[in-house]
Amino acid sequence: MRYFLVALLLVVFGYALALVLQNPAELPVDLLFTQVPAMRLGLLLLLTLVLGIVLGLLLGVQVFRVFQNAWEVKRLRKDIDHLRKEQIQTAQLAAAEAAANARHEKTVLDIQPENKNSNPL
């Protein structure tokens with residue numbers, strides 16, 4: 001990956017150098033806030049290219065962040081639903097065990113009534 005990035009950087013640098021060298025004509029440029037009386041066409045093309053790449057990368061990162069946040073919210077909602085179902089199942093199981101224990105205690109008390117008044121002779 002590192003070599004690929006170095007190669008890509010060299011290609012972009014070569015392209016920029018070729019733009020500047022192939023377009024030596026000078027022309028006036030109005031930059032909205034200022035005016036440049038004479039700028040080489042190649043340099044203008046290079047600046048425009050760099051500005052487009054930077055803006056494109058910034059917008060791409062921002063759009064990716066929005067998608068990433070949406071994916072994270074969706075994943076967290078699934079986790080919440082899963083945990084709610086698990087909590088409901090645990091509560092139902094605990095309630096069933098409590099009911100079974102209550103029935104068992106009642107049955108044991110019915111079978112073996114405590115006789116406190118009887119005297120063994």
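Computed over heavy atoms, backbone and side chain alike; hydrogens, waters and symmetry mates excluded. Nothing here was measured: the structure is a model prediction, and the numbers come from that model.
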Residue pairs passing the salt bridge (charged side-chain N to carboxylate O under 4.0 Å, His left out) test with at least one member in residues 78-87, sequence neighbours excluded, are Arg75-Asp79
With Phe13 via side chain to side chain contact (heavy atoms under 4.5 Å, CB included) - residues at least two apart
none
Show the atom names and distances, to 0.1 Å, of all donor-acceptor pairs under 3.5 Å that link a side chain in residues 32-51 to residues at least two apart or in another chain.
from, atom 1, to, atom 2, distance (Å)
Thr48, OG1, Leu44, O, 2.8

List, by chain and then residue number, the residues other than Leu83 in its hydrophobic cluster (Ile/Leu/Val/Met/Phe/Trp/Tyr, side-chain heavy atoms under 4.5 Å); write none if there are no others.
none
Taken in chain and number order and not counting sequence neighbours, the residues that satisfy side chain to side chain contact (heavy atoms under 4.5 Å, CB included) with Phe4 are none
If you count heavy atoms of other groups shown closer than 6.0 angstrom to CD of Gln87, is the number above 12?
no
Side chain to side chain contact (heavy atoms under 4.5 Å, CB included) partners for Arg65, two or more places apart:
Val61, Gln62, Asn69
